[in-house]
Asker: 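Structure provided below as structure tokens; questions to follow.
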There are 2 protein chains.
Amino acid sequence: MVTMQDVARLAGVSKMTVSNVVNNREGVSDAVRQRVLEAIRRSGYRVNVSARTLKSGRTGVIGLAVPEIDRPYFGHLAALVIDAARRQGFHVAIEQTGAAADGEADAITHSRTLHFDGLILSAVALDRLDDRPAEAGYPIVMLGEQDFGGRFDHVAMPNEEGAKAATAHLADRGCRRIAIVTGGVLDRVNAVSRRYHGYLAALTERGLDVDPSLFVPLDGLTMEAGRAAAHRLADSGHEVDGVVAVTDTVALGVLRGLADRGLRVPGDIRLIGFDDVPEASYSVPSLSTVAPDHEWMAAKAVELVAQRIRAPLRPTSQHIAPFELMTRESTL
Amino acid sequence: MVTMQDVARLAGVSKMTVSNVVNNREGVSDAVRQRVLEAIRRSGYRVNVSARTLKSGRTGVIGLAVPEIDRPYFGHLAALVIDAARRQGFHVAIEQTGAAADGEADAITHSRTLHFDGLILSAVALDRLDDRPAEAGYPIVMLGEQDFGGRFDHVAMPNEEGAKAATAHLADRGCRRIAIVTGGVLDRVNAVSRRYHGYLAALTERGLDVDPSLFVPLDGLTMEAGRAAAHRLADSGHEVDGVVAVTDTVALGVLRGLADRGLRVPGDIRLIGFDDVPEASYSVPSLSTVAPDHEWMAAKAVELVAQRIRAPLRPTSQHIAPFELMTRESTL
DNA sequence: TTGTAGGCGTTATCAT
DNA sequence: ATGATAACGCCTACAA
């Protein structure tokens, strides 16, 4: 490995001068600077990040913990976070939590062990972080899901508002028997339950039935679960003319499941999702959905981490992403 | 920050003993070990990875460079690589290259700067790595795409074999005018051109037309490009009863584009893709495709990196993933 | 403008 | 079985 010492020898200066050149510091004559740069180029020297880190206590890496990187929504989010982080000079290491509370708590511990400068946690299961190493000693920003009562910086989805707008849109299109395909534990405060409440709020506002048989539970937030739920809905014999799916991934599964039963979208049933994953524009039919501004969310999350790294003690702040209702073929 | 020195003081031993306990080394009496573990627990000590790295020269991190993490195929691949790496005790940092040769070369340089222990490079554009820092001084494994004439460890897709099988399958279903939707530069050796050759080989073997007008060029490997290609194909007036799409992502775009023109799959045109991304099972109609064993590929790539870290000088090896033909609704 | 000394937290080596 | 010492490569502080 080529060290500063080697470069110094090659350029005939002290290693301190090399350090000054590498870090673009003042007080190096142009002649020496050129000589050093040339020596760096010839030797192929690279700064040793570990050594620098050891002194500075910073790694320049922030962790991003998501349930599974291969779910369209999280892949999309990760891409945006990686780009936003690069713009601020950070690298991103991805942890997969497997959508389990243990995995999410592990990610926190893990990040500390690896000395990430901060962690962006897309928590879907961890709802009692107070039992865990909450005060981790480094910045944690919650992204998009659970709410923790102001104890963390938090970038939230417009869950309630978005679901309400989606449901109202179905009503505007003439739907009268609107089902919701959702899941998880609805008596806790989380993204899924908030969306459910948005759905209820819209029904109430429009004076539509709130019929328990129109509530289709879901066994996980996967396409397969959505497909199975659609089968149950179709086989139940309940009259339904609109479906709100709790995520686009689920909605794409529902779309498939309705096709399995010969039901046409939007002809027989209108369908709307939540997230606006890229695939939503390309499904057949294309999927109407609630489109939170993901880029805004990613940028905000990285910005909050960066701010907190600089000022660990500033009060936490909560933010809700703007959204747009994307009306496509599935609700024509 | 709690250091080994602090723990040592707390437990009344030397920091060397703490180090031995932390690393599960022999030669520490049970009594002392317990005392140290207790001190670690009470103090909340964590090893400083930077310091350890500085000594060992290893970071425990391997880079994974992919074009864009939010493309379904690469998201899926990343998830598998992350899991496989964890099983071998590595962490994964993801770099996005933007499918450009510059980005891919940057990833190599970058990995060295960050002192990754190795790099798994899913190169799609870089075809002249010899002009670049090829002998990077640390393990590079090429995953799934370009071929570099044996200069790297390489885990390849069954490009030619798979595309041939896909085309033959369309022929078996009765297709006689089989188009291919593909792109990139076909005179270089890469995944796309190999698949094209597989397509040609199957046509020749079955005695079918090799008609240049059935070659639909593609402006990138995206859904949008696939959609546009389908539009051109439909509008061209050429008689076509089967389409081979060079990737599933493109195929899903083609599916959408054919729907835009009122063409039914598989009724009017049969369609087959390549990759078997998760979405392929859920599209309407579900997508027949060539399914390379992605898990096998991810595990093999990580294994090759790990082997090369241990033995940098062993000869490179090339591997081709097994595949399976998944026949679904789009070719019924 | 440039150089020297010391230390960041860990581990390898060698001693006790 | 345990401890002292010296690196690893870099940077801060101070000296020349």
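Below, chain A is the first sequence line, B the second, and so on; all start at residue 1.
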Asker: Specify the residue among B:Val2 and A:Gly27 whose closest nucleotide of DNA chain C lies further upstream toward the 5′ end.
Answerer: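 So the residue in question is A:Gly27.
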Asker: I'd like to know if the side chain of B:Thr17 and the backbone of B:Val13 have a donor-acceptor N/O pair within less than 3.5 Å.
Answerer: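 No, the answer is negative, given that no donor and acceptor are paired below the 3.5 Å cut-off.
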Asker: Remember a base hit wins even if backbone is also touched, and classify A:Arg25 as base, sugar-phosphate or nothing at under 4.0 Å, heavy atoms.
Answerer: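 A:Arg25: backbone/sugar contact only, no base atoms under 4.0 Å.
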Asker: Identify, between B:Met16 and A:Asn20, the residue whose nearest nucleotide on DNA chain D lies closer to the 5' end.
Answerer: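 Checking each residue's closest nucleotide, the 5'-ward one belongs to B:Met16.
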Asker: NZ of B:Lys15 versus C1' of D:dT5: gap in Å, rounded?
Answerer: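 Between C1' of D:dT5 and NZ of B:Lys15: 9 Å.
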Asker: Tell me which of B:Ala51 and B:Asp30 sits closer to the 5' end of DNA chain D, going by the nucleotide each one is nearest to.
Answerer: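 Its nearest nucleotide being more 5', the pick is B:Asp30.
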Asker: Taking the minimum atom-to-atom distance to the side chain of B:Ser29, which one of D:dC10, D:dA1, C:dG3 wins?
Answerer: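 Side chain of B:Ser29 sits closest to D:dA1.
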Asker: Quiz question: by atom type and distance under 3.5 Å, do the side chains of B:Arg25 and B:Ser19 form a donor-acceptor pair?
Answerer: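 A pair is found: one side chain offers a donor N or O, the other an acceptor, under 3.5 Å apart.
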Asker: Would the base of D:dT12 count as contacting A:Lys55 through its side chain, where contact means a donor and an acceptor less than 3.5 Å apart?
Answerer: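 Under the 3.5 Å cut-off, the side chain and the base do not form any donor-acceptor pair.
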Asker: Taking atom CD as the centre, does A:Glu295 end up with more than 12 heavy-atom neighbours from other residues, nucleotides or ligands that are less than 6.0 angstrom away?
Answerer: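 Result for CD/A:Glu295: open.
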Asker: Please state how far atom CG in B:Leu54 lies from atom C1' in D:dA7, giving the value in whole angstrom units.
Answerer: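 From B:Leu54 CG to D:dA7 C1': 9 Å.
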Asker: Please work out if A:Met4 contacts a base, only the sugar-phosphate, or nothing of the nucleic acid, heavy-atom cut-off 4.0 Å.
Answerer: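 If one applies the 4.0 Å heavy-atom cut-off, A:Met4 turns out to touch the sugar-phosphate alone, with no base involved.
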Asker: Looking only at side chains, do B:Thr316 and B:Asp153 share a donor and an acceptor under 3.5 Å apart?
Answerer: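 No donor-acceptor contact under 3.5 Å links the two side chains.
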Asker: Look at B:Ser14 and D:dG3 and indicate whether a side-chain polar atom (N or O) is within less than 4.0 Å of OP1 or OP2.
Answerer: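 Yes, because at least one side-chain N or O of B:Ser14 sits under 4.0 Å from OP1 or OP2 of D:dG3.
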Asker: Would you please confirm or rule out a distance under 4.0 Å between OP1 or OP2 of C:dG9 and any side-chain N or O of B:Arg52?
Answerer: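 No, B:Arg52 has no side-chain N/O under 4.0 Å of OP1/OP2 on C:dG9.
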Asker: Would you mind reading off the distance between B:Asn24 atom CG and C:dT11 atom P, rounded to a whole angstrom?
Answerer: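 After rounding, the gap between these two atoms is 12 Å.
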Asker: Given atom CZ of B:Arg46 and atom P of C:dC8, what is their separation to the nearest angstrom?
Answerer: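 Value for this atom pair: 22 Å.
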Asker: For B:His319 and B:Trp296, run side chain to side chain contact (heavy atoms under 4.5 Å, CB included): C-alpha distance rounded to whole Å, both residues' side-chain angles, the deciding distance at 0.1 Å, then the answer.
Answerer: CA-CA 11 Å; B:His319 307 265; B:Trp296 183 95; 3.9 Å; yes
Asker: Which nucleotide in the set C:dT10, D:dG9, C:dT11 lies at the smallest distance from any side-chain heavy atom of A:Thr3?
Answerer: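 Within the option list, the nearest is D:dG9.
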Asker: Would you classify B:Asn23 as touching base, sugar-phosphate or nothing, given that sugar-phosphate means primed atoms plus P, OP1 and OP2, and contacts are heavy atoms under 4.0 Å?
Answerer: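 Contact class for B:Asn23: sugar-phosphate only.
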Asker: Could you give the CZ-to-P distance, from A:Arg9 to C:dT2, as a whole number of Å?
Answerer: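 From A:Arg9 CZ to C:dT2 P: 19 Å.
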Asker: Scan A:Val22 against the nucleic acid and name what it touches under 4.0 Å (heavy atoms): base, sugar-phosphate only, or nothing.
Answerer: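 No contact.
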Asker: Between C:dG3 atom P and A:Gln5 atom CD, what is the distance in whole Å?
Answerer: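 In whole Å, C:dG3 P lies 11 Å from A:Gln5 CD.
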Asker: Does B:Ser19 make a side-chain N or O approach to OP1 or OP2 of C:dT11 shorter than 4.0 Å?
Answerer: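 So the side-chain polar atoms of B:Ser19 do come within 4.0 Å of the phosphate oxygens OP1 or OP2 of C:dT11, strictly under.
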Asker: What's the closest nucleotide to the A:Thr17 side chain, out of D:dC11, C:dT11, C:dG3?
Answerer: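 Between D:dC11, C:dT11, C:dG3, the one nearest the side chain of A:Thr17 would be C:dG3.
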